[in-house]
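Quick note: numbers below take in every heavy atom, side chains included, and nothing from hydrogens, waters or symmetry partners.
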Amino acid sequence: MEDYQRIADAVAADIAAGRLRPGDRLATQRAFARSHGIANSTATRVYRELTRRGLTVGEVGRGTYVRAAQHSPGPALAEPADPARRPRVNLELNYPEVPEQAALLAQGLAPLLRPDVLSAALTVAPATGSPAAREACAALLARGDFRPDPDGLLFAGNGRQAIAGALAALVPPGGRLGVEALTYPLVKSVAARLGVTLVPLAGDAYGLLPDAVRTAHRGAPLHAVYLQPTLHNPLGVTMPAERRAELADTLRALDLWAVEDAVWSFLLDDDRQAGLPPLAALAPERTLLVDSLSKRLSPGLTVGLVLAPPSYTERVAAALRSGGWTAGAFALNATVRWLCDGAVAAIVEAKRRDAAARQALVREHLAGFRVHADPAAYFAWWELPAPWRAETFLAAAARRGIVVTPGAAFAVGPEGAHGAAPAPGAVRVALAAPPADELAHALTALAAIARGAPEDCVPD
């Protein structure tokens, strides 16, 4: 057994024995590594293993907490007296999988396992990757009339690192980054580490308001704007073409950069994407487009992408190198094979069907509630009915063995703060993790909770 598994077993034993109790916060991974005399990378594997076993949960910007020890499974969503004995339905994490993906990915990996090919694939890869990777990934990002220049592509280890590299290239420490008032939680964490001030920007039913960008920039200049114009997480909003064009004009007028996160855009079918040019097509000289294969394929072996204009490729490449965020050569080689043998296209089609089926379950089981979601998305934003608050709803759901994400996780604090601002009584429901039948039962249980009163859900 590998060392990290032995250490994870020891932590699991502490949890089972009650030496670590549900809600206890674990040491930071760096402190854990020091105390156990292990490498930081080994500590990371330990924490991932504990999360995989369902013993801990990581909260962005807060740390890792003990959830509960594993117990014998019982009926899903039953009401046993001891909440710790209830199976957990994860509606927090959102890495979709479909049954056929493992077999499709295995086919592409098989040729890489020949010793001569593997030896070449295990070399160090530069931020610019390889010509084959640039060509294949440029084709992946193409949509409608948009055909990105392969020479503008740079590669990170994953989408999070691609975002970090893009932000580090554009925004200096102490600089101001405009973000949607509800934004991807990881951006808050990245901004804090880079010393970047987040400035919340208002939006409407069509996405980020260009006038909000202009107003914020007049107050004190922004260095860049980060946004998700397609299938915004958590709202599910997709910005129409007219708004995109206005935003591109605003970027030019203000001499302002945008980091366009397209990580969920693959879920839109070709017809919808054809009429929605990315900002990277409308204002290519002012936009860094970031994407990854983690949602398309798997978070375990993925590649992050940054598309930059010629004037900024070296600057972004330097940021990726200095952060240690470049992609591994093996992952790049695997990505090229999966793109060229049709595995990515087949998995994407399967995930589009799967997401649509899960959204149908949302419409069925949460009918009558204020739920905002795109029919193609793997998540839904649920405005809870009064008098529910997100915190009390989360506690009530946890008693049923269900976890969702509170709206505050996405809310950006007041200017100069990196923490969460007060958010509406809302939660994000991630749909990808549980099997479809388990998801249906979970949604039914959540609807029953929401139709009750908070005081009815307080344990005796």
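Side-chain atoms of Arg243 come within 3.5 Å of backbone atoms of Leu208 as a donor-acceptor pair (strictly under, hydrogens ignored). Judged by distance alone, with hydrogens and angles left aside, the side-chain atoms of Trp325 form no donor-acceptor pair with the main-chain N or O of Ala319 at under 3.5 Å. Using modelled atom types, no side-chain atom of His372 and backbone atom of Val237 make a donor-acceptor pair closer than 3.5 Å. Under the 3.5 Å distance criterion, the side-chain polar atoms of Ser322 are matched with a main-chain donor or acceptor of Ala318. In this structure, Gln101 contributes its side chain and Val98 its backbone to a donor-acceptor pair below 3.5 Å. Remark: the backbone N or O of Ser265 is paired with a side-chain donor or acceptor of Gln273 at under 3.5 angstrom. Between the side chain of Arg296 and the backbone N or O of Ser292, at least one donor-acceptor pair lies under 3.5 Å. Although no hydrogens or angles enter the test, the distance criterion places no donor-acceptor pair under 3.5 Å between the side chain of Glu97 and the main chain of Leu297. A distance-only check finds no donor-acceptor pair linking the side chain of Arg88 to the backbone of Val403 [under 3.5 Å]. In this structure, Thr44 contributes its side chain and Asn40 its backbone to a donor-acceptor pair below 3.5 Å.
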Please report the C-alpha distance between Asn233 and Arg428 in whole Å, then the side-chain angles of each, then the deciding distance to 0.1 Å, and finally whether the side-chain contact (heavy atoms from CB on, under 4.5 Å) criterion is met. CA-CA 9 Å; Asn233 178 17; Arg428 189 200 69 171; 3.1 Å; yes
Are Trp338 and Leu104 close enough, and set up right, to give a side-chain contact (heavy atoms from CB on, under 4.5 Å), and what steps lead you there? CA-CA 8 Å; Trp338 290 328; Leu104 288 167; over 6 Å; no
Are Leu177 and Val187 close enough, and set up right, to give a side-chain contact (heavy atoms from CB on, under 4.5 Å), and what steps lead you there? CA-CA 10 Å; Leu177 174 69; Val187 173; 4.3 Å; yes
Test log, rule side-chain contact (heavy atoms from CB on, under 4.5 Å), inputs Val11 and Leu50: CA-CA 8 Å; Val11 178; Leu50 293 170; 3.7 Å; yes
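Between Leu91 and Pro434 the shortest side-chain heavy-atom distance falls below 4.5 Å. Residues Arg244 and Thr230 are in side-chain contact: their nearest non-hydrogen atoms beyond the backbone lie under 4.5 Å apart. At least one side-chain heavy atom of Val66 sits under 4.5 Å from a side-chain heavy atom of Leu26. Proximity of Val344 to Phe266: side-chain heavy atoms (C-beta onward) are nowhere separated by under 4.5 Å. A 4.5 Å side-chain heavy-atom check between Asp291 and Leu141 finds at least one atom pair inside the cut-off. For the pair Glu92/Val57, a side-chain contact is recorded, criterion being any heavy-atom separation below 4.5 Å from C-beta on. Taking 4.5 Å as the limit, every side-chain heavy atom of Val362 sits out of range of all side-chain heavy atoms of Val429. Considering only heavy atoms from C-beta on, Ile7 comes within 4.5 Å of Phe32 through its side chain.
In this structure, Pro406 and Val427 approach most closely via the heavy-atom pair CA-CG1, 4.3 Å. When all heavy atoms of Pro150 and Arg134 are compared, the closest pair comes out as O-CD, 3.2 Å. In this structure, Ala168 and Leu194 approach most closely via the heavy-atom pair N-CD1, 3.9 Å. Of all heavy-atom pairs spanning Ala169 and Arg315, the tightest one is O-NE, 2.9 Å. The minimum heavy-atom distance between Cys137 and Thr335, with the atom names listed, is SG-CG2, 4.1 Å. Here the shortest heavy-atom pairing between Ala390 and Leu384 reads CA-CD1, 3.9 Å.
For the atom pair OH of Tyr226 and CG of Asp261, the computed distance is 3.5 Å after rounding to the nearest 0.5 Å. To the nearest 0.5 Å, atoms CD (Glu180) and OG1 (Thr183) are separated by 5.5 Å. One distance of note links CD of Glu438 with CD1 of Ile402; it measures 9.0 Å at 0.5 Å rounding. Rounded to the nearest 0.5 Å, atoms OG1 (Thr56) and CG (Asp24) are 12.0 Å apart. Distance check: Leu231 CG to Thr238 OG1 gives 4.0 Å after rounding to the nearest 0.5 Å. The CZ atom of Arg160 sits 4.5 Å away from the OH atom of Tyr184 when rounded to the nearest 0.5 Å.
By the neighbour-count criterion of 12 heavy atoms within 6.0 Å, atom CZ of Arg370 is sparsely surrounded, having that number or fewer from other residues, nucleotides or ligands. Around atom CZ of Arg147, more than 12 heavy atoms belonging to other residues, nucleotides or ligands sit under 6.0 Å away. Residue Asp145 places its CG atom among 12 or fewer non-hydrogen atoms of other residues, nucleotides or ligands, all under 6.0 Å distant.
Note on ring orientation: taking the six-membered ring where Trp is involved, the planes of Trp257 and Tyr312 are tilted (angle from 30° to 60°). Ring planes of Tyr378 and Trp264: tilted class, angle from 30 to 60°.
Taking the charged nitrogens against the carboxylate oxygens, Glu314 and Arg321 do have a contact shorter than 4.0 Å, which makes a salt bridge.
The cationic atom of Arg45 (NZ for Lys, CZ for Arg) lies less than 6.0 Å from the six-membered ring centre of Tyr4 and within 45° of the ring axis.
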